[in-house]
Amino acid sequence: MWMLFFDSNSLLIHQELNEDITDLEDEKGYYRNEIQKDDKAIKELSTEEGIEKMAREKYYMKKENEDIYIIEYEDSLKLKRKDE
């Protein structure tokens with residue numbers, strides 16, 4: 001009885017440690033997926049085309065003598081309510 005509940009190596013402590021291990025393994029998988037995404041982004045940005053694509057899409061940069069038109073769809077706009 002003493003070993004199961006009150007000892008420093010009790011069954012309850014082992015159960016808590018096993019839960020911690022499971023949580024850490026889940027985090028490990030999450031961070032591995034994030035590393036894969038980052039590696040993919042780095043590969044895309046290692047080319048001139050990838051850098052240009054990101055600059056145009058994310059930062060709305062343009063070349064000289066170019067015009068950029070941003071098209072916003074109706075569902076992406078914030079609409080005012082009639083009662084306001």
Can you name the closest pair of heavy atoms from Leu45 and Ile51 and give their distance?
O-CG1, 3.2 Å

Salt-bridge contact Lys28-Glu25 (side-chain N to carboxylate O under 4.0 Å)
no

Between OH of Tyr31 and CG of Asp26, what distance do you get to the nearest 0.5 Å?
12.0 Å

Does the pair Lys53/Glu49 count as a salt bridge with the N-to-O cut at 4.0 Å?
no

Run the salt bridge (Lys or Arg N to Asp or Glu O under 4.0 Å) test against Glu48 and tell me which residues pass, sequence neighbours left out.
none

Hey, what else clusters with Ile42 if you join Ile, Leu, Val, Met, Phe, Trp, Tyr whenever side-chain heavy atoms sit under 4.5 Å?
none

Between Glu66 (side chain) and Lys63 (backbone), is there a donor-acceptor pair under 3.5 Å?
yes

Would a distance-only check, ignoring hydrogens and angles, find a side-chain to backbone donor-acceptor pair under 3.5 Å from Thr47 to Lys43?
no

Going by the rule side chain to side chain donor-acceptor pair (under 3.5 Å), which residues pair with Gln15 if we only count those two or more places apart in sequence or in a different chain?
none

Once you round to the nearest 0.5 Å, how far does CG of Leu17 lie from CD of Glu19?
9.5 Å

